[in-house]
Amino acid sequence: MYDQYRSVEELTLSSDVEGNFKGLLLSTSDGAKDVIILKVKTKSGEDVALDFVLSAETPTIILPIGIQKIFSTSNGTTFPSTSRCYGLN
């Protein structure tokens, strides 16, 4: 069985984002390498740093992980302006 997402919400990471998300969709718009570090709090209450690269070869990724908080770029997240983050539910 697979997860089915019924809503997509674009998130702005200039401040902490709180919500119950079933997953995150991340994309890059310019095809260059975007190094991303997302500091999040999972639904089980753990603070986790997710570290990866988006590029022309992998311009979009879905992270099927339950998230209740995404920390802002001033609180540990590194997120280039050429990338977009969407909360999935």
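Counting from 1, the numbers follow the sequence of the chain as shown.
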Notebook entry, point to check: Do you reckon Leu50 sits in the same ILVMFWY cluster as Leu54, going by side-chain contacts under 4.5 Å, direct or chained?
Noted result: yes
Check: Do the non-hydrogen side-chain atoms of Thr73 and Thr78 ever get within less than 4.5 Å of each other?
Finding: no
Item checked: Close side-chain approach of Glu18 to Gln68, heavy-atom, < 4.5 Å -> no
Notebook entry, point to check: Is there side-chain contact between Thr60 and Thr58, with heavy atoms separated by less than 4.5 Å?
Noted result: no
Item checked: From CA spacing to verdict: side-chain hydrogen bond (donor to acceptor under 3.5 Å, both in side chains), Asn75, Asp16 -> CA-CA 8 Å; Asn75 287 327; Asp16 291 354; 3.0 Å; yes
Item checked: Side chains of Glu9 and Phe21 in contact at under 4.5 Å (non-hydrogen atoms) -> yes
Notebook entry, point to check: Should Ser83 and Ile36 count as side-chain neighbours, where that means a heavy-atom distance under 4.5 Å?
Noted result: yes
Note to self: With no hydrogens and no angle check, just 3.5 Å: does a side-chain donor-acceptor pair link Thr42 and Ser44?
What the structure shows: yes
Next item on the list: Apply the side chain to side chain contact (heavy atoms under 4.5 Å, CB included) test between Phe52 and each candidate in Asp34, Leu26, Ile37; give the one that qualifies.
Entry: Leu26
Item checked: Spacing of CZ belonging to Arg84 relative to OG1 belonging to Thr28, to within rounding of 0.5 Å -> 9.0 Å
Next item on the list: Flag yes if Ile70 and Ile62 sit in one hydrophobic cluster, no otherwise; membership is Ile, Leu, Val, Met, Phe, Trp, Tyr, and two members link when side-chain heavy atoms are under 4.5 Å apart.
Entry: no
Item checked: Contact summary for Tyr5 and Lys22, nearest pair of heavy atoms -> CE2-CB, 3.7 Å
Notebook entry, point to check: Considering only heavy atoms from C-beta outward, does the side chain of Ser72 approach that of Leu13 to under 4.5 Å?
Noted result: no
Notebook entry, point to check: Do Phe79 and Phe71 belong together in a cluster built from hydrophobic side chains that touch within less than 4.5 Å?
Noted result: no
Item checked: Val17 to Leu11 - nearest heavy-atom pair and separation -> CG1-CD2, 3.9 Å
Notebook entry, point to check: Is a salt bridge present between Asp47 and Lys39, judged by a nitrogen-to-oxygen distance below 4.0 Å?
Noted result: no
Note to self: Under a 3.5 Å distance rule, please check whether Asn89 uses its side chain to pair with a backbone N or O of Asn20 as donor and acceptor.
What the structure shows: yes
Margin query: Tell me if the NZ atom of Lys43 is crowded by more than 12 foreign heavy atoms within 6.0 Å.
Written below: yes
Item checked: Ile67 vs Leu24 side-chain heavy atoms within contact, under 4.5 Å -> yes
Check: So does Lys41 pair up with Glu46, basic N to acidic O under 4.0 Å?
Finding: no
